[in-house]
Structures are given as C-alpha cells and as structure tokens.
Amino acid sequence: MQAQESVARQWNEALLESIRLDFARPTVHARNLHHSSILMYDAWAAYEPTADTYFLGKTIGAFSCPFDTVSVPVTMTKQEAQEMAMSYAAFRLISGRFANSPNAGETMMLLNAQFNALGYDMSYTNQDYTNGNPAALGNYLAFRMQQFGMQDGANEQGGYSNLYYEPVNPTIIPIESGNPDIVDFNRWQAITLDVQIDQSGNVLPNNTPDFLSPEWGNVVPFAMDSSDRVTYERQGDEYQVYHDPGDPPYLSINDNLAGNEAYQWYFSLVSVWSSHMGIEDTTMWDISPASIGNIGGAENYPSTLPEYQFFYDLENGGDIGEGHDLNPVTGMPYEPQVVSRADYTRVLAEFWADGPESETPP
C-alpha cells in the first residue's frame with residue numbers, strides 16, 4: 001500500500017504518528033502540520049514553472065525566506081527532484097520539532113526508517129541549493145522554517161509555555177469537598193490531580209495542567225490577517241483574538257436570575273442532550289438528508305438567546321433544519337435511515353471527543 005501513496009502522504013502519516021507519540025497539545029501540532037505542509041508544498045512548487053510558493057521567496061509575518069530559482073538536475077526526473085526535496089525538508093523539520101518528545105527515541109526510529117526506506121542519505125546536510133541538489137533545497141527549507149518558528153510567537157524555544165498569562169482562580173483539588181476558594185466563576189480554573197496523564201497516555205511531570213495556549217493569538221496565522229483580529233489587554237498584557245465570537249453567557253455573581261437565564265439554558269441544553277445517549281432511550285431518528293440539514297441562509301442562524309431557543313430543540317434534540325426533498329444527483333427522494341437516537345448521539349459524542357490513540361482533539 002505504501003508504494004501507491006505519494007511521498008507527501010507518507011510524510012504526513014509519519015508526522016501524525018509522531019504527534020501520537022508526543023504530548024497531547026493540539027495548538028502546537030496544528031502548527032506542526034501547517035509548517036510541514038508548507039515545506040512539502042514549496043519543495044514541489046519550486047520545480048513547477050506555473051506554481052506560486054508560500055514560503056520560499058516570500059515574507060510571512062516579519063520573516064523573509066530568500067530564494068533563487070532552481071532547475072531539475074539532468075540526472076533526475078522532475079518528480080524525483082520534488083520528492084527528494086520534500087523528503088529532506090519534512091524529515092529535518094519533523095525530527096527537530098520532536099527531538100524533545102516524551103517518546104523521542106521511538107519517534108526518531110520511525111522517522112529514520114521512513115527516510116532510509118526512500119533511499120536518501122541522512123548524512124547530507126548541505127543547504128546550498130544553488131549546487132543543483134534537491135536535497136540541499138529540502139535542508140534549506142527546513143532550516144529556514146526552524147528559524148521562522150523561533151520568532152513566530154509560539155515560544156517554541158520555551159517549550160511553548162505561557163509567557164505572561166496568570167489564572168485568576170486558585171486551583172481546585174477534586175478530592176476535597178466543594179470549591180470554596182474560587183474568585184470568579186466566569187474565569188478558567190486549574191485542576192490539581194494526583195497524577196496527570198494526557199490523551200496520548202503520557203504521565204506529565206506537572207499534576208496541575210496549565211491553560212492551553214491562552215497566548216496563541218500571538219502566533220503568525222496562515223489564513224488570517226489583522227482585519228480578522230481584536231486585541232484585548234489585561235494587566236498590561238495583550239491577547240489577540242481572531243474572528244472574535246463575542247462574550248459567552250456569564251454566571252451572575254449577584255444571584256441575578258434574569259441575568260443567568262442564558263447561562264442556565266445553555267447548560268441545561270448540554271445536560272438534556274447528554275441524556276439522549278442513555279441506553280434506556282428508545283427514540284428512533286431518521287438521520288438521512290431527508291430529515292437533517294437544509295437550515296437555509298445565514299439569516300436563519302441564531303444570535304440572541306430567544307433565537308437559540310427557537311433554533312435548537314431542547315427536549316428532543318436537533319435544530320430547525322427541514323432536510324432535503326430530493327437527492328440532487330438522482331432527482332429522487334432520499335431513503336430513510338432510521339436509527340436509535342441513543343446510538344447516533346453516542347457516535348456523535350465519540351467522534352467529537354476523538355477518543356484515545358488519536359493525534360489530537362478535533
């Protein structure tokens with residue numbers, strides 16, 4: 001099967017396996033996936049006369065990656081040159097990013113085996129791609145991306161730790177009764193555990209997990225710009241938020257029941273819908289496109305509490321979607337697909353939880 005897969009696919013699979021062996025940190029690995037994809041695309045695009053590179057010869061954020069054109073060596077086909085450059089770039093970047101992984105030994109064995117299976121020379125580290133060797137272009141690409149990563153706002157050199165965020169609330173200790181020391185019910189609170197084990201099964205040295213990437217808005221994005229960003233300031237520090245959805249419902253600290261209506265309704269929605277997963281639930285649902293979807297235009301989506309209460313069916317589940325009368329391909333009505341609501345909602349929950357042994361939460 002591997003022989004039928006592209007080189008890019010093979011390195012993507014190697015990266016996903018490296019992620020499974022690392023700490024469960026979705027934001028960090030989204031960045032790893034993005035950066036490795038850039039390198040493999042640019043290594044391909046460098047040899048395509050009509051393709052436009054993303055990183056090579058461009059400025060991303062405040063970082064520039066100089067580049068002169070390359071040509072296919074006379075001893076290779078264009079595809080061979082592209083695959084060599086892609087492989088060196090991916091191998092160097094992924095190896096560097098996961099050198100301090102909790103399972104680095106296993107990860108390096110995996111990456112080395114992949115690289116050797118493709119027949120490349122691991123000892124070749126030259127970055128002067130003007131010599132015509134596609135391996136040098138791959139090495140150069142990886143080196144420049146590593147430099148970019150040291151100044152893109154992720155704090156890679158500091159192990160991606162938070163630089164200035166400080167929680168307002170003291171940690172909660174589950175084995176103790178209640179939560180008497182909480183300061184603000186509407187702010188994040190850490191949980192202190194006897195032993196912390198992440199999604200990947202790693203036992204972590206710190207038994208009080210940190211807030212995951214509260215400063216990640218400082219990282220140079222790949223598909224957004226300053227027009228998509230709102231800057232918030234707290235205690236002299238800035239927090240960048242892209243596509244800000246606005247405030248969530250808050251729990252009133254003054255026992256103002258009217259002010260808590262939105263919070264209570266959203267909370268109860270989760271609770272009621274969770275009950276649909278119980279094995280005692282006997283409701284049957286048609287999950288075919290005849291009954292699900294087709295909400296209509298943007299004007300039908302909710303923005304206020306009354307609109308949300310109309311949009312979602314609190315008691316029975318689902319939304320206002322009317323389904324589709326006809327299959328646009330066949331011109332015929334969709335066949336019903338009647339299933340147990342309990343089975344369907346459990347599968348939904350498992351899908352979005354993404355389960356153990358996966359790369360990251362969705």
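In this structure, Gln151 places its CD atom where more than 12 heavy-atom neighbours from other residues, nucleotides or ligands lie under 6.0 Å away. Heavy atoms from other residues, nucleotides or ligands lying under 6.0 Å from CE of Met109 number 12 at most. For CD of Glu13, the number of neighbouring non-hydrogen atoms (other residues, nucleotides, ligands) closer than 6.0 Å is greater than 12. With a 6.0 Å radius and a threshold of 12 heavy atoms from other residues, nucleotides or ligands, Asp121 has its CG atom above the threshold. Few gaps surround CD on Gln157; more than 12 heavy atoms of other groups in view lie less than 6.0 Å from it. Summarising the local packing, CD of Glu233 is surrounded by more than 12 heavy atoms from other residues, nucleotides or ligands at distances under 6.0 Å. Heavy-atom neighbours of Phe267 CZ from other residues, nucleotides or ligands within 6.0 Å: at or below the threshold of 12. By the 6.0 Å contact criterion, CG on Asn100 is open, its count of non-hydrogen atoms from other residues, nucleotides or ligands being 12 or less.
Using a 30° and 60° split on the angle between ring planes, Phe63 and Phe55 fall in the parallel class, below 30°. In this pair, Tyr129 and Phe67 present their aromatic rings tilted. The plane angle is within the 30 to 60° band. The aromatic rings of Tyr312 and Trp273 sit perpendicular, their planes meeting at an angle over 60°, well past the 30° parallel limit. By the 30° and 60° cut-offs, the orientation of the rings of Tyr160 relative to Trp216 is tilted. Under the 30°/60° scheme for interplanar angles, the aromatic rings of Trp11 and Phe91 are found to be tilted. Taking the six-membered ring where tryptophan is involved, the planes of Tyr344 and Trp285 are perpendicular, since the angle between them exceeds 60° and thus also 30°.
Leu56 is not listed as a side-chain neighbour of Pro66, based on a closest heavy-atom distance of 4.5 Å or more. The shortest distance between side-chain heavy atoms of Gln146 and Leu93 falls below 4.5 Å. Met84 has its side chain within reach of Asn133: a pair of non-hydrogen atoms, C-beta onward, lies under 4.5 Å apart.
Listed by chain and number, the residues in a side chain to side chain donor-acceptor pair (under 3.5 Å) with Asn155 are Ser161 (sequence neighbours excluded).
Here Tyr164 and Tyr239 bring their ring centres to under 6.0 angstrom of each other. Between Tyr165 and Phe211, the ring centre distance stays below 6.0 Å. Aromatic pair Tyr88/Tyr120: centroids less than 6.0 angstrom apart.
With 3.5 Å as the limit, one finds a donor-acceptor pair spanning the side chains of Asn32 and Arg97. Residues Asp313 and Asn316 bring a donor and an acceptor atom of their side chains to less than 3.5 Å of each other. Side-chain atoms of Gln82 and Glu48 form a donor-acceptor pair, as typed in the model, at a separation below 3.5 Å.
Residue Ile197 shares its hydrophobic cluster (ILVMFWY side chains chained together at separations under 4.5 Å) with Val195, Val203. Clustering of Ile, Leu, Val, Met, Phe, Trp and Tyr side chains at separations under 4.5 Å leaves Val329 isolated, with no partner residue.
Checked for salt-bridge contact, Arg31 and Asp152 meet the test: a charged N lies under 4.0 Å from a carboxylate O.
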Given the rule in the salt bridge (charged side-chain N to carboxylate O under 4.0 Å, His left out) test, do Asp343 and Arg346 qualify, once you have shown the distances and angles that lead to the verdict?
CA-CA 5 Å; Asp343 290 343; Arg346 281 198 299 271; 2.4 Å; yes

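In this structure, CG in Leu39 is found 10.5 Å from CE in Met86, a value given to the nearest 0.5 Å.
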